Structure formats: structure tokens, C-alpha cells
There are 2 protein chains.
Amino acid sequence: MAVQRIISVAQGHICRVSMTIDRDIADDQRRSQLPATPAPKKRVQDRGLATKQRILDEALQQFSRSGFDAVGVRDIAEAAGVQHGLIKYHFGTKDNLWREAVRQLFQRATQILQVPPEEENLSTEEATEKALRRYVRYCADHPEHARLMVQESFRDNERLEWASRKFIRPSHDDILPRWQDLIGKGVAPNIDPVLMLYAMTGAAQTLFSIAAEAKHSHGIDALSEEVIQQYSDVIVTLFMPGLMSAHI
Amino acid sequence: MAVQRIISVAQGHICRVSMTIDRDIADDQRRSQLPATPAPKKRVQDRGLATKQRILDEALQQFSRSGFDAVGVRDIAEAAGVQHGLIKYHFGTKDNLWREAVRQLFQRATQILQVPPEEENLSTEEATEKALRRYVRYCADHPEHARLMVQESFRDNERLEWASRKFIRPSHDDILPRWQDLIGKGVAPNIDPVLMLYAMTGAAQTLFSIAAEAKHSHGIDALSEEVIQQYSDVIVTLFMPGLMSAHI
DNA sequence: CCAATTTTTATCCACTTGGATAGCTATTTT
DNA sequence: AAAATAGCTATCCAAGTGGATAAAAATTGG
């Protein structure tokens, strides 16, 4: 594996660099309102878009289950019902496919986790409790999210750096001030918000990520409605212990 | 990958079955005090034992970082400074090597996490707090443990079933009654102990497992003494909120 | 010291890997 | 309808995969 891995990494670097540059250029152009480079204006067809999406969905599932290196582009292609050559056609490289899948993953997460209109004028405590429960529900409904990111985080590499900068850090920057607020009100424990966030996400995600283990070890079905409900209560109780007293 | 994976899985099954049988036979013999089969009495040399250990150590590191499928026996062998053929000689199969590494991992964990003599006559609360802090410290000192098991738990397979039955379930059976005790005393929140255990281990492990992400996203070094200390406090505060009041 | 045995290396194998390429098919524009 | 283009398949490649095997090297009991 050594040599191919090196090649793969090297190519990953190359791809990443060129891709990042392309994207950064694109971002810059968006910022400065300039039209992109003459734009070869490729007319994408619905058919192509559909298969591209099918590949992305399968890629997300497989990458999250087995990790980047253990998944073959052929596995993904087969699951999507296409020839593996199509992955090169639609995404260029396996690395690129991964990034596209992650981009879509976080996009969907942001939509699902955003505060709905009817919760906008709740008190901070109530809103946070709802958000906490919504997050637990998301972890249960989409265990592939935690699985994917956690696997990448076990080993430091370019993909992690990219995802962290692009998605994780921004989302945390959004959450942390609100926790700070809760601490001030005495609803959340007075603990460094960053450590608190890792404890919370770790607690909320893990049970659903490793549902197979929970099944083997205790016979519980972590993804059942009953357990999800109970576990939401667990997380709220643990991380907003002042909630009850605040309500009273 | 498809075909080779099937072959690999099939062989894994065979190996596992035969191995499990062997082991079960061995266990049975140990139970019934019968000497094992005439014992071909192979005289192992120190040299062989040493390289075997070197391979095991490297295997643990690499499996935990990248997951079983993504690691090549050649990677492990190279890191251990030997030819990859030696892995077949010492362990038979890659699957077997994994199991041997996990066996040793849990053996070491049990040693490190056991209650030291000087803590034996502490109160349940104090003993539990010590145990909690000891666990957090272990997670920080040996992040490979959580990484390895979590990766296997993402996907259901024979290795997970084996590890769960052999190591995880027994250890949980040991811990759960003690938590039940704490709940009775009002020191720990009145929550299903199993869910509580997953919340606790998830919270305690994750930060250290994904230290690379924490570094990228917040610039914190999760494995620094300072953070380990702080995080121990976080875990104790979260999971033994009644500790203070119990002390007063 | 030397014969027996354990440990290690050097190759071999069939199969898989990510990616490249050429050409075929389907769709769209003119 | 036909030219143009997008989507897709089939096939090739060099390199890597886990495992098998035989012969070399190191160790040890006698």
C-alpha cells in the first residue's frame, strides 16, 4: 500500500491544491461580483445530475461506514449502479468525491438544525433545550455525519483540515456565544464552553454512531424511537441541569 | 475490492470459527483442568516474542488510526521493521493479528483502570470520582483504544461481535451495578444506567480521539496536561452533579 | 560444535486498487 | 434530421493487496 498511498496522497495534494485554488478564485469572484473565467458553460443534463446525486449518496454512506481509504470507487459505483469510470467523469478524483459529499452533508445539516420560525421568540433556555433535542434527533437520524467526521479526525490530514476550516469552525463559532449566554444565566454548568461543546457532541453522537456495539453489548436498539426519546432527556438533564430550577 | 473482500471475509469467518473453537476448547480445558492436546511444545525464542510484540504494537497504532481494512499488513510490517511474511508466521492472518492486538489492549486497560489498593476503603462517591478521573486520564493517554473500538462499531461485523462479547460486555457488567448504587444515593442523575454509561464514555473519549480536529477547529491541544485536568473536572461535574451536595 | 528447530527473508500468486482513455449512446441545439 | 455535446461503458494500466511457499539465517539443546 505504501507507494500507492503516497501517490494517492500526492495526487490528493495536487487535486486539493488546484481545487482549493479554483474554489478560492470562485469565492473571490463571487465576492467581487466578477463573472467567472469565460465559463466554458457546460450544459449539465438532468440525467447526469441525478446519477451524480446517486453517487454522492452512496459515497456518503460508504465513506462514513468504512473510512476514506477502505472504500473503493468501484464499491461506490456498484452501489450506485454505474461504472466506476463515471466517478472520474463527475468528480475527477476520489478525494474530490469525498469533499463534495461532505459539503452536501453539512449543507443538509445546517438546514435541519436551523432554528424554525416558531421557536424564534422563545426564551434562551427553552430555545436551547429545543436545539439540544433537535441535535440529538439529528445524530440519531443521520449517524453517518458523526461517523464520517470522527473517522477523518482520528488521523490528521488535508481533508480534515479542509472540513474543519470550511464547516466545523464556522458552526462552532455560531454555537459557542449562545452557550456562554446560558452559563451567565446559570442554566448551563460554568465550564469552558469549548470543552463543554466537545463533551456534549461526544455524548450526543456516540451512542447512535456505535449503535451496532450497543446492540451487541446490551441488546438495545439505539435507533428506536423509544431510546432516542430517552436519550434526548439524558442529554438535556446532563447539559442543562439548571433547566428545572430555572423554570420553577 | 468486492471479490477480495468476500474472500477475506470468508477466510475471516473460517479463521474466526476455527480460532474461536480452539479458544473455547482451550477455555474448557482450563476449566476442567485437563492438559491441552499433547502440546507440540514449540520452544519460542525471545527474539520471536520480541518481534511479535513489536508487530502487535504497530498493528494497534495503525488499526486504530486507519481502521482494519485501510491498513495493509505490509504497512504494519514495515513500521515494525520486518518483512510482511512474518505476520503470517506469527499470527496466521490479518484478522487474527487484529484480535491479538485487541486482546492485549483490553488486558492493559483492565490493569490500568483497576481500583488501586489505597482507594479500596473510600466511600462509593469518592471511589467513583477517582475512577471517573482515572478513566478520563486513560482516554487521554491511550486514545487508540477508543479509536479502534469506535471504528469497528461503525460497521457491524464478526470482529465487533467478538470484541463485544469477549471484552466490552464483561467490563460493562462490572461497572453498571456501581452506577446503580450511586443513583440510589442521589449522587448520579436518575437515568437509565446503560444510556448514562454511553453518554459518559462518549463524552470522555471523544475529545481525545479527535484531538486533531480540536486542534484545527479551536487551536486547543487536547492531549496537554492542562486540558486533561480541566476535562476531568468537566466529566465529574457533568456526571456526578450531586457530588458537591453529597459532600456537604 | 553440530544437528534440530525457530525465525526471517525473498518471491510468487491471483486479485484489487485509483485513474486514464477511447469509443459508444443518449440528449439537446440548431 | 443532423451536428454537437453530455453521459456513460468497456477496457487498460501500473501499483498494491493478503496470503502461500521455499530456502536462508539465527538460535539453541545435546
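The shown structure was predicted, so the numbers you read here are calculated from the model rather than taken from an experiment. Order of the sequence lines sets the chain letters (A, B, ...), proteins ahead of strands, with each chain counted from 1.
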Does [X] have a side-chain nitrogen or oxygen under 4.0 Å from the phosphate oxygens OP1 or OP2 of [N]?
X	N	answer
B/T51	C/dT7	no
B/K88	D/dA20	yes
A/Q83	D/dA10	yes
B/Y89	C/dT7	yes
A/K94	C/dG18	yes

Please verify the inter-ring angle class for B/F167 with B/F106; under 30° counts as parallel, over 60° as perpendicular, anything in between as tilted. parallel

Taking the ring of A/F208 and the ring of A/H142, is the distance between their centroids below 6.0 Å? no

Can you tell me the distance, in whole Å, between the [atom1] atom of [X] and the [atom2] atom of [N]?
X	N	atom1	atom2	result
A/L86	C/dA20	CG	P	15 Å
A/I55	C/dG18	CD1	C1'	15 Å
B/N96	D/dA20	CG	P	12 Å
B/Q45	C/dT5	CD	P	13 Å
A/R54	D/dC8	CZ	C1'	11 Å
B/E78	C/dA10	CD	P	14 Å

Considering only heavy side-chain atoms of B/H90, the closest of D/dA6, D/dG18, C/dT8 is C/dT8

If each of B/I87 and B/R47 is mapped to the nucleotide of DNA chain D with the nearest heavy atom, which maps nearer the 5' terminus, i.e. the 5' end? B/I87

Kindly indicate whether the side chain of A/L132, heavy atoms from C-beta on, has any atom under 4.5 Å from the side chain of A/M200. yes

Any idea which heavy atoms bring B/K94 and B/D69 closest together, and the distance? NZ-O, 3.9 Å

With B/K52 as the cation and B/Y89 as the aromatic partner, state whether NZ or CZ is under 6.0 Å from the six-membered ring centre and within 45° of the axis. no

Distance-only donor-acceptor test (3.5 Å): side chain A/R43, base D/dG7: no

Presence of donor-acceptor pair under 3.5 Å, side chain of B/H84 and base of D/dG19: yes

For B/V44 and for A/D46, locate the closest nucleotide of DNA chain C by heavy-atom distance; then report the residue assigned to the nucleotide nearer the 5' terminus. B/V44

